[in-house]
Amino acid sequence: MIDFLLAHRPNITKGVELLALAMGLITFKKFKNTPIQYFILFLLYSVLVELGGSTLKNLHPGGALEEYHYLLKYRFFYSNYWWYGLFWTIGSVLFWSFFFQKIISNKTYRNILNISTYAFIICVSIYTLIYIDEFFYTVSTFNKLFGSVIILLAIVLYFIDVLQSDVILTFYKSMYFYISMSLFFWWIVTMPLYFYQKFVLIENLEYIKLLRLTRLFSNILMYGAYACALVFCKPEKPLRT
């Protein structure tokens with residue numbers, strides 16, 4: 001069973017991503033004019049980023065699209081590290097900051113998140129320019145760590161905001177709560193394993209299996225929760241007025 005999951009991990013992940021996107025597109029009209037419409041567009045964005053990253057990987061010598069490698073003028077574009085680094089590590093942070101600023105009612109919390117996001121953009125831009133080779137050939141630990149802090153900060157500020165409002169009485173009905181809780185679970189579970197792998201030998205196959213299975217089940221739970229919440233939750237106004 002484990003070997004089957006590992007062998008089909010990419011397809012399973014893409015499947016749950018597409019399921020969440022499909023539910024989002026089906027229910028888009030229901031959530032129109034609410035912050036959830038941006039969330040649904042982000043699901044589409046996530047699928048397109050994954051598609052782009054897979055295409056670049058297959059253009060690499062030995063990939064399924066190797067014969068079209070001439071489409072890439074510079075060889076460093078063969079790697080998809082820069083693609084995920086730009087459109088996922090950085091792009092997803094900017095989206096989640098935007099999304100939570102839409103649903104957090106406390107102005108002070110929104111300002112904290114906004115200032116932190118600008119600090120993230122400035123620091124990541126400077127770091128990337130200084131270590132430009134790292135951007136194209138590996139995952140930037142600095143960008144990943146800083147981005148994780150911003151996302152977790154946004155989620156925590158949202159939870160505090162809910163605790164200080166009447167929404168706490170009906171939080172179990174809130175689409176925003178299920179999005180935040182699923183995202184929080186995903187980051188808390190997967191990020192420690194990502195940073196720890198820096199200190200583990202690549203030959204440690206058992207750890208690699210653990211890492212891949214953890215990410216797989218985390219993706220299934222997160223996107224599965226998104227799909228269910230989109231179907232069963234009702235539209236609601238953001239906390240801010």
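The closest side-chain heavy-atom distance from Leu43 to Leu230 is below 4.5 Å. Side-chain contact between Ile90 and Phe120: present, with at least one pair of heavy atoms (C-beta onward) separated by less than 4.5 Å. Counting only heavy atoms from C-beta outward, the side chains of Leu216 and Arg212 never approach each other to under 4.5 Å. In this structure the side chain of Tyr226 never reaches within 4.5 angstrom of the side chain of Leu19, judged on heavy atoms.
Rounding to the nearest 0.5 Å gives a distance of 11.0 Å between CG of Leu18 and CE of Met23. The distance from the CD1 atom of Ile104 to the CZ atom of Arg110 is 8.5 Å, given to the nearest 0.5 Å. Summarising the geometry, atom CG belonging to Leu157 is positioned 11.0 Å from atom OG belonging to Ser180; distances are rounded to the nearest 0.5 Å. The CE atom of Met175 sits 10.5 Å away from the CD1 atom of Ile103 when rounded to the nearest 0.5 Å. To the nearest 0.5 Å, the span separating NZ on Lys234 from OG1 on Thr27 amounts to 15.0 Å. Note that CD1 of Ile155 and CH2 of Trp187 are 9.0 Å apart. Values are rounded to the nearest 0.5 Å.
Minimum interatomic distance between Gly147 and Val93 (heavy atoms only, all atoms of both residues): CA-CG2, 3.5 Å. Of all heavy-atom pairs between Ser46 and Trp88, the closest is OG-CZ3, 3.4 Å. Of all heavy-atom pairs spanning Leu113 and Ile150, the tightest one is CD1-O, 4.1 Å. Of all the heavy atoms in Val16 and Tyr223, the pair that sits closest is O-CB, 3.6 Å. Annotation for Val189 and Ser218: closest pair CG1-OG, 3.6 Å, computed over non-hydrogen atoms.
Glu134 and Tyr127 share a side-chain donor-acceptor pair at under 3.5 Å. Side chains of Asn143 and Thr89: no donor on one and acceptor on the other come within 3.5 Å. Ser97 and Gln101 share a side-chain donor-acceptor pair at under 3.5 Å. If you check the side chains of Gln164 and Tyr109, you find a donor sitting under 3.5 Å from an acceptor.
For the pair Asn106 (side chain) and Asp161 (backbone), a donor-acceptor distance under 3.5 Å is absent. Between the side chain of Ser182 and the main chain of Ile179, no donor-acceptor pair closer than 3.5 Å is present. Without hydrogens or angle criteria, Tyr158 side chain to Leu153 main chain gives no donor-acceptor distance under 3.5 Å. Checking side-chain atoms of Trp83 against main-chain N and O of Val49 turns up a donor-acceptor pair under 3.5 Å. Remark: the backbone N or O of Glu50 is not paired with any side-chain donor or acceptor of Lys14 at under 3.5 angstrom. Between the side chain of Thr170 and the main chain of Lys173, no donor-acceptor pair closer than 3.5 Å is present. When atom types are taken as modelled, the side chain of Tyr45 and the backbone of Phe87 share a donor-acceptor pair closer than 3.5 angstrom.
Lys30 NZ: more than 12 foreign heavy atoms inside a 6.0 Å radius. Atom CZ of Phe142 is surrounded by more than 12 heavy atoms from other residues, nucleotides or ligands within 6.0 Å. Heavy atoms of other residues, nucleotides or ligands lying less than 6.0 angstrom from CG of Asn11 number more than 12.
Using bins of under 30°, 30° to 60° and over 60° for the plane-to-plane angle, the ring pair Phe95/Phe98 lands in the tilted bin. Between Phe39 and Phe99, the ring-plane angle classifies as tilted under the 30° and 60° cut-offs.
The cluster map of Ile, Leu, Val, Met, Phe, Trp and Tyr, joined by side-chain heavy atoms under 4.5 Å apart, puts Ile151 and Phe185 in different clusters. Note on Ile26 and Ile40: same hydrophobic cluster, where clusters join Ile, Leu, Val, Met, Phe, Trp and Tyr whose side-chain heavy atoms are under 4.5 Å apart, directly or indirectly. Taking hydrophobic clusters as Ile, Leu, Val, Met, Phe, Trp and Tyr residues chained together by side-chain heavy-atom distances below 4.5 Å, Phe42 does not share a cluster with Leu221. One hydrophobic cluster holds both Ile126 and Phe135 under the rule that ILVMFWY side chains link at heavy-atom gaps under 4.5 Å. Leu169 and Tyr172 fall within the same hydrophobic cluster, where Ile, Leu, Val, Met, Phe, Trp and Tyr residues are linked whenever their side-chain heavy atoms come under 4.5 Å apart, directly or through other members.
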Apply side chain to side chain contact (heavy atoms under 4.5 Å, CB included) to residues Phe28 and Ile36 and explain how you reach the verdict. CA-CA 8 Å; Phe28 187 84; Ile36 299 301; over 6 Å; no

Evaluate Leu94 against Ile121 for side chain to side chain contact (heavy atoms under 4.5 Å, CB included), listing each step before the verdict. CA-CA 9 Å; Leu94 298 182; Ile121 295 172; 3.8 Å; yes

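Between Phe171 and Tyr176, the ring center distance fails the sub-6.0 Å criterion.
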